[in-house]
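If you're wondering where the values come from, they're calculated on a predicted model, not measured in any experiment.
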There are 2 protein chains.
Amino acid sequence: MNVTQISDYGEFGLIKHLTENFPLTNASSLKGIGDDAAVIDNGELKTLVTTDILLEGIHFNLEYVPLRHLGYKAAVVNFSDIYAMNGKPEQIVVSLGVSARFSVEMLEELYDGIRLACQTYGVDLVGGDTSSSLTGLTISVTCIGSAKQEEIVYRNGAKDGDLLCVSGNLGAAYLGLQLLERERIALKGNTQSQPDFAGFEYLLQRQLKPEARKDIIDELKAAAIMPTAMMDVSDGLSSEVMHICTQSGVGCRL
Amino acid sequence: MNVTQISDYGEFGLIKHLTENFPLTNASSLKGIGDDAAVIDNGELKTLVTTDILLEGIHFNLEYVPLRHLGYKAAVVNFSDIYAMNGKPEQIVVSLGVSARFSVEMLEELYDGIRLACQTYGVDLVGGDTSSSLTGLTISVTCIGSAKQEEIVYRNGAKDGDLLCVSGNLGAAYLGLQLLERERIALKGNTQSQPDFAGFEYLLQRQLKPEARKDIIDELKAAAIMPTAMMDVSDGLSSEVMHICTQSGVGCRL
């Protein structure tokens with residue numbers, strides 16, 4: 001067997017390579033891989049589906065991420081993908097892999113965060129799968145949303161002359177992470193001191209308890225503005241602008 | 001913080017405990033936690049949603065599970081949950097956590113198995129999330145299906161005098177696992193010999209490449225038989241019969 005390193009492809013190249021021989025065959029599959037969410041036909045209302053997986057050591061470090069915040073974030077990052085299609089998140093299913101060092105109280109904290117996110121955004125938890133894990137905490141969330149066909153905003157609709165806008169503060173969550181990492185290293189083995197985050201509350205909030213921009217969707221609707229293209233920023237401005245430009249067949253000036 | 005061991009609750013007790021304060025608030029959430037799949041209202045056709053997570057070391061051992069079989073199984077166990085609601089699986093999203101020891105060719109094998117399952121059952125891959133992992137392979141699949149409201153079969157409809165039927169061979173997959181484990185231990189460190197599974201092909205097939213019982217759903221429909229209750233067997237006969245009896249408020253004689 002040949003051995004090609006995953007890094008030779010990069011994340012998007014890899015996904016494209018692995019999924020290119022999966023043609024859509026069901027009439028209900030309106031949009032497959034390649035946008036913030038898949039679109040499924042159910043008559044008047046379309047169903048939107050998105051999924052994100054969070055793995056311990058990759059997406060979070062339990063040394064400084066409270067479980068309540070982690071549960072909140074795991075849910076909200078999925079809501080954000082539905083909003084990025086101009087849809088309304090309505091249901092989530094949550095799958096957990098939990099190692100033996102977790103207590104029931106720790107899982108209660110995690111679910112408290114998921115519950116707060118659900119209450120805040122009006123989403124129902126409708127299912128899931130819970131398994132033991134030999135390898136740290138795994139959280140996989142799939143979110144189901146709805147939208148009218150004519151209201152769905154894809155990545156591929158940008159036109160020449162469109163205005164390119166970003167909501168929120170790019171880099172704030174990254175700075176929050178830098179702060180947490182700096183204090184973790186500075187205080188390693190020191191049980192006497194507490195990290196000092198005074199004045200940086202906003203940055204920590206962006207990292208630990210990010211919000212999905214339901215407010216933007218609501219404001220655009222109130223102002224009767226329908227974007228030609230929209231996308232959730234995960235990897236950074238340049239990466240996401242490239243996605244929109246490539247899929248829309250346009251260039252841009254920043 | 002109190003420390004309650006997860007084992008004090010057991011899997012079902014734990015899920016019940018963690019999710020009991022999640023009331024359904026959206027009109028579209030017809031059925032939440034507690035059956036083989038959630039049911040979401042979209043007008044005439046209802047959407048069914050189910051999810052399963054497979055973790056390395058818990059659900060599979062890559063020493064003897066070929067990646068192609070693993071991909072097939074990860075998809076099919078989800079289709080099975082949709083069939084157990086008397087629905088039709090139509091879309092899946094697949095999230096992967098992949099450690100650095102995996103090559104592109106290994107992931108191709110995994111996706112070949114997912115593709116074969118999708119082709120065999122007429123299901124479309126419409127999305128997913130791929131992440132690096134520090135901790136072995138994680139596969140989380142969510143399946144979306146559809147059904148007419150009047151055709152959905154829940155666990156809670158069993159009536160006095162109903163006949164209780166099981167499709168397939170209970171224990172066959174377990175025996176297949178025993179065989180694989182026996183040969184793994186017997187041949188440990190021995191690179192000269194090959195395991196001998198002659199005559200046991202059926203048992204291995206049930207463990208490594210299980211099928212979802214679409215045929216049963218089709219036959220019941222052809223015979224105009226509508227079951228009063230139905231359930232996918234995951235944990236064994238006694239456990240699943242208890243679920244159906246408890247939710248239906250009936251007893252049973254086996």
Please state whether the side chain, the backbone, both or neither of L55(B) comes within less than 4.5 Å of a heavy atom of chain A. side chain

Which of residues 67-84 of chain A have a heavy atom under 4.5 Å from any heavy atom of chain B? none

Ranking I33(A), T138(A), D8(A) by heavy-atom pairs under 4.5 Å to chain B gives rank one to I33(A)

Does CD in Q194(A) sit with more than 12 non-hydrogen atoms of other residues, nucleotides or ligands closer than 6.0 Å? no

Is any side-chain heavy atom of L24(A) closer than 4.5 Å to one of V126(B)? yes

Largest heavy-atom contact set with chain A, pairs under 4.5 Å, which of I144(B), D35(B), L45(B): I144(B)

Quick one: does any side-chain atom of Q91(B) pair with a main-chain N or O of V49(A) as donor and acceptor, under 3.5 Å? no

Measure the spacing between CD of Q149(A) and CG of N42(A) and express it to the nearest 0.5 Å. 11.5 Å

Residue from S140(B), G57(B), S29(B), A38(B) scoring the most non-hydrogen pairs under 4.5 Å with chain A is S29(B)

Show your reasoning for whether side chain to side chain contact (heavy atoms under 4.5 Å, CB included) applies to V94(A) and F22(B). CA-CA 13 Å; V94(A) 175; F22(B) 281 88; over 6 Å; no

Sort T47(B) into side chain, backbone, both or neither according to what part of it lies under 4.5 angstrom from a heavy atom of chain A. side chain

Could you pull out all residues at least two apart from T19(A) that satisfy side-chain hydrogen bond (donor to acceptor under 3.5 Å, both in side chains)? none

May I ask you to test the R184(B)-N61(B) pair for a side-chain heavy-atom distance under 4.5 Å? yes

If you tally heavy-atom pairs under 4.5 Å against chain B, which of D52(A), T50(A), V39(A) wins? D52(A)

Picking from S7(B), S131(B), G43(B), which has the most non-hydrogen pairs under 4.5 angstrom with chain A? S131(B)

Pairwise side-chain contact, D235(A) with M242(A), heavy-atom cut-off 4.5 Å (strictly under): no

Smallest heavy-atom separation, L14(A) atom then Y9(A) atom, equals N-CB, 3.6 Å

How about H17(A) and E108(B): do any of their side-chain heavy atoms sit closer than 4.5 Å? yes

I'd like to know whether CD of Q178(A) has more than 12 heavy-atom contacts from other residues, nucleotides or ligands below 6.0 angstrom. yes

Relative to chain B, which segment of I40(A) carries a heavy atom at a distance below 4.5 Å: side chain, backbone, both, or neither? side chain

Is R115(B) paired with D112(B) through a side-chain N to carboxylate O contact shorter than 4.0 Å? yes

Testing the basics here: between F60(A) and V65(A), what is the closest heavy-atom pair and its distance to 0.1 Å? CB-CG2, 4.3 Å

Counting only heavy atoms closer than 4.5 Å, note whether N21(B) contacts chain A via side chain, backbone, both or neither. both

Which bit of K46(B) is near chain A, if near means a heavy-atom gap under 4.5 Å: side chain, backbone, both or neither? neither

Closest-packed option against chain B by number of heavy-atom pairs under 4.5 Å, given I114(A), I6(A), L18(A): L18(A)

Based on non-hydrogen pairs under 4.5 Å, which of Q5(B), K31(B), E90(B), H59(B) is most in contact with chain A? E90(B)

Side chain / backbone / both / neither for Y111(B) at chain A, heavy atoms under 4.5 Å: both

Is the shortest side-chain heavy-atom distance between K188(B) and E63(B) below 4.5 Å? yes

Examine whether an atom of L110(B) lies under 4.5 Å from a heavy atom of chain A, and if so say whether it belongs to the side chain, the backbone or both; otherwise answer neither. neither

Looking at G97(A), G34(A), G32(A), which has the largest count of heavy-atom pairs under 4.5 Å with chain B? G32(A)

Below 4.5 Å from any heavy atom of chain A, which atoms of L125(B) appear? Answer side chain, backbone, both or neither. both

Find the one option among S28(B), G122(B), A100(B) whose heavy-atom pairs under 4.5 Å with chain A are most numerous. S28(B)

Do S103(A) and T4(B) come within less than 4.5 Å of each other through their side chains, counting heavy atoms only? no

Please give me the minimum heavy-atom distance between L48(A) and M85(A), naming the atom from each residue. CD1-CB, 4.0 Å

Counting only non-hydrogen atoms closer than 4.5 Å, does I15(B) touch chain A with its backbone (N, CA, C, O), its side chain (CB onward), both, or neither? side chain

Residue part contacting chain A, namely of V123(B), when any heavy atom lies under 4.5 Å: backbone

Is it the side chain or the backbone of L107(B) that comes within 4.5 Å of chain A heavy atoms, both, or neither? both

